[in-house]
Amino acid sequence: MPPTEPNRIERMLLDAIGPIEGLRVLELGCGHGDLTLQLLQRGASVVAIDVSSGMADVTRARAERFLPEAEAEVRAAPVEDTRVADAGVDLVTGKWILHHVDLPAAAREVHRVLRPGGRGVFFENHALNPLLSLGRRHVVGRFGIHRFGTEDEHPLTRADYELWRSTFASLELAYPDFHFFELLARQLLTRRQRVRDAARRADEQVWRRLPRLRPYGYH
């Protein structure tokens, strides 16, 4: 499993993060390490954690094999208790992780480990579209509609954003795409790639032409 080129979602996240050479970065929920390796390739010193010890082992082995000169520390730990020193990192990041955790505890932990002036940058699912939220609660997992993800995950709500806004000096929400029609196509027509491709093109058109609708996508 050598390092991979960032996929579309990872490119969005890395663009939002910006230059990180020489920074100490904490990655939450590293999984099998694709983002970890990309952060290391960009010159960061990375602490990567995952609640799964097996995933942490995979990420550690990949870093040791493919980027042996990079400064990487990988271990199993929950987001709510990273065991990173107070004010120990310049940046905290993660892809699709916050909606799986205890958000108040995670906010306190991220605040604790960040140095003054540090930032957190995350790519997440959220629940600002009432139609998508209704479908998630009452349709997905029934009537032959597939459920992706876990039962306990929690797309972020306005209340969640207010919690984080009250914890940090500032909170900025960005909408790098309009993930709506493609999401519906995935749920309802998972095997019809042409339909999913057309749905993605429709999302791209909405994102470009109707910027006021961007918050109502799923990302």
Side-chain angles (χ1 to χ4, degrees), residues 6 9-31 33-40 42-53 55-56 59-60 63 70-128 149-150 152-176 214-215 217-219:
I9 301 301
E10 290 161 349
R11 287 197 303 271
M12 294 175 185
L13 181 59
L14 291 166
D15 286 347
I17 289 172
I20 54 174
E21 185 172 1
L23 298 185
R24 185 164 175 78
V25 176
L26 170 62
E27 181 192 358
L28 306 180
C30 63
D34 282 350
L35 181 61
T36 312
L37 298 185
Q38 292 156 13
L39 295 168
L40 291 169
R42 284 160 173 76
S45 166
V46 178
V47 180
I49 66 168
D50 198 282
V51 71
S52 164
S53 59
M55 289 292 95
T59 296
R60 184 184 308 107
E71 187 176 341
E73 177 185 346
V74 186
R75 61 172 178 264
V79 167
E80 300 87 347
D81 183 18
T82 64
R83 302 198 302 275
V84 172
D86 292 354
V89 297
D90 303 291
L91 172 76
V92 184
T93 191
K95 181 181 71 172
W96 284 322
I97 182 62
L98 296 182
H99 67 278
H100 288 288
V101 304
D102 180 328
L103 278 173
R108 291 192 296 270
E109 183 70 355
V110 171
H111 187 275
R112 182 186 69 79
V113 302
L114 277 175
R115 293 169 180 160
R119 297 182 301 142
V121 184
F122 301 94
F123 194 98
E124 288 296 328
N125 297 334
H126 74 172
L128 298 193
T150 61
D152 61 339
E153 65 184 47
H154 173 71
L156 305 185
T157 65
R158 295 186 190 279
D160 296 327
Y161 292 140
E162 288 305 314
L163 165 71
W164 281 63
R165 184 173 281 112
S166 69
T167 305
F168 296 91
S170 64
L171 173 71
E172 177 184 351
L173 300 182
Y175 309 103
R214 292 175 185 175
Y218 199 51
H219 294 157

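Under the rule for a side-chain contact (heavy atoms from CB on, under 4.5 Å), the partners of Ala44 that lie at least two apart in sequence or sit in another chain are Ile20, Val25, Val46. With sequence neighbours excluded, the residues satisfying salt bridge (charged side-chain N to carboxylate O under 4.0 Å, His left out) with Glu109 are Arg112. In terms of the side-chain contact (heavy atoms from CB on, under 4.5 Å) criterion, residue partners of Ser53 (sequence neighbours excluded) are, by chain and number, Ala76. Annotation: side chain to side chain donor-acceptor pair (under 3.5 Å) contacts of Thr93 (sequence neighbours excluded): none. For Ala105, the side-chain contact (heavy atoms from CB on, under 4.5 Å) test picks out Glu80, Asp102, Arg108, with sequence neighbours left out. Remark: Arg115 pairs with Asp90 by the salt bridge (charged side-chain N to carboxylate O under 4.0 Å, His left out) rule, at least two apart or across chains. By the ring pair (Phe, Tyr, Trp, His ring centres under 6.0 Å) test, Phe123 is found to be paired with Trp96, His219, residues two or more places apart in sequence or in another chain being considered. In terms of the side chain to side chain donor-acceptor pair (under 3.5 Å) criterion, residue partners of Arg75 (sequence neighbours excluded) are, by chain and number, Glu73. Looking at residues two or more places apart in sequence or on another chain, you find a side chain to side chain donor-acceptor pair (under 3.5 Å) between Arg24 and Ser45. Every residue was checked against the side chain to side chain donor-acceptor pair (under 3.5 Å) condition with Arg214, not counting sequence neighbours, and none meets it. Residues passing the salt bridge (charged side-chain N to carboxylate O under 4.0 Å, His left out) test with Asp34, sequence neighbours excluded: Arg62.
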Could you list the donor-acceptor pairs under 3.5 angstrom formed between side-chain atoms of residues 166-175 and any protein atom two or more places apart in sequence or on another chain?
| unit_1 | atom_1 | unit_2 | atom_2 | d |
| --- | --- | --- | --- | --- |
| Ser166 | OG | Glu162 | O | 3.4 |
| Ser166 | OG | Leu163 | O | 2.7 |
| Thr167 | OG1 | Leu163 | O | 2.9 |

